[in-house]
Amino acid sequence: MKRLLVLILLLNFSFVKAQNQEILSSDRPGQALSSSVVGNHVFQIQTGIDFSNENSIFLPSSYFRYGLSERFEINSGFIFSGSNFAENLSSLSIGARYLVSNSNNKMQSSFQFSYDFKAEENSGQLVYILGSSFNEKLSYTANLGINFTDNLSLANTFYVFNVTYSINNKIGLFAENFGALFTSNDQFNFDTGVYYLLNNNFQLDTVIGDNDGFFIGAGFTWRVQPKK
């Protein structure tokens, strides 16, 4: 009985240690939302700043995620805009993400719902997120979403398709195509960038692309895991 108890404790310790060593999963950089949730009682900050050349404006933003279980997280974010740093609050959203598939599956899917209190219209958003891999180094994430108004009428639909290549366990490159669908003015935009993991809980990133005009950005993701 004592041997069995010791074995159970060792297995439990190994499982906790493996969880702590698992690298973070961020929505940064780029437009695509990750199909993963952050995990039970895990808090994650995703912060960055973009510069749009078309209107010469800065777009500092932060996104906060907290896991209520291994499948469900709540999240909230804000975006400032203006020629001066953090001049106008243009977005203030709250939302939730639910992992549909088992996190151990090769193909992973989830739903994200959010509501933007600062949007003049199209304030609600629902996104289906699918993530999988071609091999150990090459993976992809697809987002298909709808924006709708306060009276629940459909405003527009959009997509993101992201392909990421892991050079090693620290550095990765990505490229993605994104835009609006089924509208009189369909959009097909593009960006690319790189991320660098300082450790399993902290990531730096940079991005460059075209979204109705040239833009460039940089930021970081910081994950805070619960104490064991």
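If you're wondering where the values come from, they're calculated on a predicted model, not measured in any experiment. Just the heavy atoms: all of them, side chains too, but no hydrogens, waters or symmetry mates, feed the values below.
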Would a single hydrophobic cluster contain both [Y] and [X], if residues Ile, Leu, Val, Met, Phe, Trp and Tyr are joined by side-chain heavy-atom contacts under 4.5 Å?
X	Y	value
Leu59	Tyr63	no
Phe214	Ile57	no
Val127	Val100	no
Val194	Phe215	no
Leu154	Tyr128	yes

### Task
Step by step, work out the ring-ring contact (aromatic ring centres under 6.0 Å, His included) result for Phe220 and Phe202.
CA-CA 7 Å; Phe220 69 87; Phe202 197 89; 5.5 Å; yes
Rounded to the nearest 0.5 Å, how far apart are [atom1] of [X] and [atom2] of [Y]?
X	Y	atom1	atom2	result
Phe158	Asn156	CZ	CG	8.0 Å
Ser110	Gln108	OG	CD	7.0 Å
Tyr159	Asn143	OH	CG	12.0 Å

### Task
Take Asp116 and Gln125, measure what side-chain contact (heavy atoms from CB on, under 4.5 Å) needs, and give me the verdict at the end.
CA-CA 8 Å; Asp116 194 336; Gln125 185 178 95; over 6 Å; no
### Task
For a side chain to side chain contact (heavy atoms under 4.5 Å, CB included) with Arg65, tell me which candidate from Thr221, Ile45, Asp27 qualifies.
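Filter result, single survivor: Asp27.
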Please find the pair of heavy atoms, one from [X] and one from [Y], that lie closest to each other, and give the distance.
X	Y	value
Ala32	Asn162	CB-CB, 3.8 Å
Leu99	Ser35	CD1-O, 3.5 Å
Asn75	Gln112	OD1-NE2, 2.9 Å
Asn177	Phe188	ND2-C, 4.0 Å
Asn40	Leu68	OD1-O, 3.0 Å
Gln225	Asn201	NE2-OD1, 3.3 Å

Would you say the ring centers of [X] and [Y] fall short of 6.0 Å from each other?
X	Y	value
Tyr98	Phe111	no
Phe134	Tyr140	yes
Tyr165	Phe174	no

### Task
Check the pair Lys118 / Leu89 against side-chain contact (heavy atoms from CB on, under 4.5 Å), numbers first and verdict last.
CA-CA 8 Å; Lys118 293 295 292 183; Leu89 180 61; 4.3 Å; yes
### Query
Glu176 and Thr192: side chain to side chain donor-acceptor pair (under 3.5 Å), yes or no, with the steps?
CA-CA 6 Å; Glu176 63 183 4; Thr192 185; over 6 Å; no
### Transitive ILVMFWY cluster of Tyr115, excluding itself - 4.5 Å side-chain cut-off
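Tyr115 shares its hydrophobic cluster with Ile94, Phe117.
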### Task
Name the orientation class of the two ring planes belonging to Phe64 and Phe43 (parallel below 30°, tilted from 30 to 60°, perpendicular beyond 60°).
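Judged by the thresholds at 30° and 60°, the geometry between Phe64 and Phe43 is parallel.
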### Full working for ring-ring contact (aromatic ring centres under 6.0 Å, His included) between Phe78 and Phe80
CA-CA 7 Å; Phe78 62 81; Phe80 285 94; 5.5 Å; yes
Mind checking whether [X] and [Y] have side chains closer than 4.5 Å, heavy atoms only?
X	Y	answer
Ser34	Ile129	no
Leu24	Asn200	no
Thr164	Thr141	no

### Task
For the pair Asn151 and Thr149, evaluate side chain to side chain donor-acceptor pair (under 3.5 Å) and give the outcome as yes or no after the intermediate values.
CA-CA 5 Å; Asn151 60 9; Thr149 62; 2.3 Å; yes
### Message
If you apply the rule side chain to side chain donor-acceptor pair (under 3.5 Å), what do you find for Asp191 with Gln31, and how did you get there?
### Response
CA-CA 8 Å; Asp191 61 17; Gln31 313 299 317; 3.3 Å; yes
### Task
Using the side chain to side chain donor-acceptor pair (under 3.5 Å) rule, take Asp150 and Ser123 through it: C-alpha gap first, then chi angles, then the decisive distance, then the call.
CA-CA 7 Å; Asp150 286 341; Ser123 52; 2.5 Å; yes
